Amino acid sequence: MRRLFMLAVGIALLTTSCQNLKQETKELTREMLLDKIKGGWAGQLIGCTYGGPTEFRYRSIRIPDETEITWEDGCIAWHYDQNPSLYDDLYMDLTFVGVMDRLGIDAPVDSLAMAFANAGYHLWHANQAARFNIMRGIMPPESGHWKNNPHADDIDYQIEADFAGLVSPGMPNAASEISDRVGHIMNYGDGWYGGVFVGAMYSLAFVHDDVRTIVTEALQTIPQGSLFRQCMEDVIAWHDLYPDDWKATWDMCQEKYADEVGCPEGACDPLDIDALINSAYVVMGLLYGNGDFERTMEVSTRCGQDSDCNPATAAGILGCMVGYSSIPEKWMKNLYEVEDRNFAYTDISMNRAYDMTLKLALQQIERHGGSVGESSVVLAVQRPEAVRLEQSFPGLRPTQIVEGRQIQDFDTLSFEGKGYAVRCDVKSPRHDYVAEVEVYVDGTLKETVKAPVSYHDRAQELCWEYCLEQGRHTLSLHWLNPEQDAQVNCYRTVIYGSKD
């Protein structure tokens, strides 16, 4: 009898184990799948336009309630014509979608990197630093690593990761695989986590109809022990504590997480373009918006800082969850006017983006265990898994800011610390002029930097270093090829010391 009992227990345990291992699936019609893809792109464009007029105009402060956020007829078309760089969120996404459309979902990372590095559009922060790295032969993932990229923790990949989730419906780990390749072109650590998190939220928006579930499940892709995960968990907890008061949660975020470390423009400054705090604003919009399209955008926008990108992300995730056909008509009228128009610097319109994304999503569905039929698809829904733990600028903090020096007046800067980053601008009547500058640390030549007048081809920082021994150091800059009317303005130098 004992043997029979043990055998029965074993069979029961085996059956339970097999049931637990069974792949969860979700069936969607092709129309529903396309509707959600279109909703994601539409929400992103609408949210970007909604918050565009206040982008970085409110730094470390909220947008006051009395400041009206307008939505005027023709506003999207106006930005297409007059301010196309507002949509860097979208045309950066579409650069990567375009490469994958040509070369497949496994397009080589070098092809993805070269496509955006050689594009004609203006870039900033981590993207521009990565472009500079790539053009001088530092390829991914080194192009996004914090030792090579002073903006590694900035928001750049976070605002470009929408496509990773939109082509990976119900498959957050597949989205993370894309983010591992693409996100490390320009980011590392928290900057990368912002994109991983966003990609996972989009992916899960295909299979869940509750924003809190989407947020909490997507957060499982971020490893325990990271500051990024701790921040998002705090936002969720503060929302539970203050469910009707997003400003209280904003205050808590500001007090605990608003100190910029990496970005040499934002260090010791009200500007905070770090992915950490801006992801928190996305989550606040989703949680306090609670499925309402306008409220979601308003909260994410009124949080300030990158107040076009954050509502774009939040509205894109919500648009994917509810679908294109369920976005209120108030927001769609302006969208309809531009759906056949190409974004600046691309040959891709919204309508073409919908079709390209659907094509890639169908590839992803089949390759990850789902199935594609004539009228429906079956998604093999993935349980989110944490990506690896990585941290930018470990043990560092900004300790001193030196403002406004022309290079000929820079002479020798003596400082106590273990690192520095020198922001610069180069001007000359000769558009092909390239300044050449020798960088000496403690009297030893460290590097010779070439800094073109052309912003497209130049880093925002002339030089940087984060791994000196803690102590007294000297930094000297020698301009090798000065010309009449040429200027090299070292307008901000950040000194870094040990957190200890």
Side-chain angles (χ1 to χ4, degrees), residues 47-48 51-63 85-89 92-93 121-132 143-146 148-162 183 185-198 227-228 231-232 235 250 253-254 256-285 300-314 391-393 396-398 401 421 423 455 459-461 464 466 491-492 494 496:
C48 193
T54 58
E55 179 186 17
F56 286 115
R57 295 188 179 184
Y58 294 82
R59 304 179 176 192
S60 298
I61 57 174
R62 296 187 294 266
I63 299 177
S85 62
L86 173 67
Y87 299 122
D88 58 327
D89 307 47
M92 281 292 297
D93 276 74
Y121 42 63
H122 210 63
L123 293 174
W124 299 268
H125 292 268
N127 282 330
Q128 181 62 15
R131 167 185 273 170
F132 176 73
S143 56
H145 193 276
W146 62 272
N148 302 319
N149 192 323
H151 301 268
D153 274 343
D154 287 1
I155 196 174
D156 300 63
Y157 183 60
Q158 176 178 315
I159 71 174
E160 300 152 11
D162 313 69
I185 294 174
M186 68 291 289
N187 284 106
Y188 188 86
D190 286 350
W192 177 50
Y193 290 150
V196 171
F197 185 43
V198 166
L227 184 65
F228 190 95
C231 177
M232 300 312 128
V235 172
W250 187 95
C253 278
Q254 185 68 19
K256 189 172 181 179
Y257 293 110
D259 291 332
E260 179 81 76
V261 174
C263 173
E265 183 181 357
C268 304
D269 188 271
L271 170 73
D272 197 337
I273 197 169
D274 194 282
L276 186 74
I277 195 74
N278 286 284
S279 275
Y281 296 160
V282 171
V283 172
M284 288 170 59
S300 286
T301 300
R302 290 194 183 276
C303 284
Q305 298 292 4
D306 204 344
S307 63
D308 67 322
C309 296
N310 297 330
T313 301
Q391 181 183 352
S392 304
F393 314 105
L396 291 175
R397 67 183 178 92
I401 306 295
R423 288 181 65 77
Y455 176 83
Q460 299 147 105
E461 285 71 41
W464 60 88
Y466 303 110
Y491 59 89
R492 194 170 206 257
V494 182
Y496 290 89

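In what follows, residues are counted from 1 in the order of the sequence shown. Here the structure is a predicted model, which is why all the values come from computation and not from measurement.
- We find the CG-SG distance between Asp89 and Cys48 to be 4.0 Å, quoted to the nearest 0.5 Å.
- Residues Asp156 and Asn127 have side chains that bring a donor and an acceptor to within less than 3.5 angstrom of each other.
- Ser143 places no side-chain N or O within 3.5 Å of a backbone atom of Met186 that could act as its donor or acceptor partner.
- Two residues are said to be in side-chain contact when any heavy atoms from C-beta on lie closer than 4.5 Å; Arg59 and Asp269 meet this criterion.
- In terms of heavy-atom proximity, Gln305 sits nearest to Ser60 at NE2-N, 2.9 Å.
- Between atom OH of residue Tyr188 and atom OH of residue Tyr193 there is a gap of 8.0 Å, rounded to the nearest 0.5 Å.
- The two residues Asn149 and Ala129 make their nearest non-hydrogen contact at OD1-CB, 3.3 Å.
- With a 4.5 Å cut-off on side-chain heavy atoms, Asn310 and Ile155 count as touching.
- Between the CG atom of Asn148 and the CZ atom of Phe132 there is a distance of 11.0 Å, given to the nearest 0.5 Å.
- The minimum heavy-atom distance between Cys303 and Tyr281, with the atom names listed, is CB-CG, 3.4 Å.
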Quick one: do Cys253 and Val235 satisfy side chain to side chain contact (heavy atoms under 4.5 Å, CB included)? Show the steps, please. CA-CA 7 Å; Cys253 278; Val235 172; 3.6 Å; yes
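- When side chains are defined from C-beta on, Ser392 does not count as touching Asp190, because their heavy atoms never get closer than 4.5 Å.
- Side-chain atoms of Val196 and Phe228, non-hydrogen and from C-beta on, never get closer than 4.5 Å to each other.
- The shortest side-chain heavy-atom distance between His125 and Glu265 falls under the 4.5 Å cut-off.
- Taking a 6.0 Å sphere around CG of Asp259, one finds it holds 12 or fewer heavy atoms contributed by other residues, nucleotides or ligands.
- Residues Tyr257 and Leu227 form a side-chain contact, since some pair of their non-hydrogen atoms from C-beta on lies under 4.5 Å apart.
- Between Trp464 and Pro150, the shortest heavy-atom distance links the atoms CD2-CG, 3.5 Å.
- A 4.5 Å side-chain heavy-atom check between Leu86 and Asp308 finds at least one atom pair inside the cut-off.
- Between Ser307 atom OG and Arg62 atom CZ the span is 14.5 Å, to the nearest 0.5 Å.
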Side chain to side chain contact (heavy atoms under 4.5 Å, CB included) between Phe197 and Val283, worked out: CA-CA 10 Å; Phe197 185 43; Val283 172; 3.5 Å; yes
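- Checking side-chain atoms of Tyr496 against main-chain N and O of Gly262 turns up a donor-acceptor pair under 3.5 Å.
- With hydrogens and angles disregarded, a donor-acceptor distance shorter than 3.5 Å links the side chain of Arg492 to the backbone of Pro264.
- The distance from atom OH of Tyr455 to atom CG of Leu123, rounded to the nearest 0.5 Å, is 7.5 Å.
- Arg302 places none of its side-chain heavy atoms less than 4.5 Å from the side chain of Trp250.
- The minimum heavy-atom distance between Gly195 and Ala161, with the atom names listed, is O-CB, 3.3 Å.
- No donor-acceptor contact under 3.5 angstrom links the side chains of Gln158 and Asp306, judged on distance only.
- The aromatic rings of Trp146 and Tyr466 sit tilted relative to each other, their planes meeting at an angle between 30° and 60°.
- Between Cys231 and Leu276, the shortest heavy-atom contact is CB-CD1, 3.6 Å.
- For the atom pair CD of Gln254 and CD1 of Ile277, the computed distance is 6.0 Å after rounding to the nearest 0.5 Å.
- Although no hydrogens or angles enter the test, the distance criterion places no donor-acceptor pair under 3.5 Å between the side chain of Asp154 and the main chain of Asp274.
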Determine, step by step, whether Trp124 and Asp88 satisfy the side chain to side chain contact (heavy atoms under 4.5 Å, CB included) criterion, reporting the C-alpha distance in whole Å, the side-chain angles of both residues, the deciding distance to 0.1 Å, and the verdict. CA-CA 10 Å; Trp124 299 268; Asp88 58 327; 3.8 Å; yes
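- In summary, the side chains of His151 and Glu461 do present a donor paired with an acceptor at a separation below 3.5 Å, with no hydrogens or angles considered.
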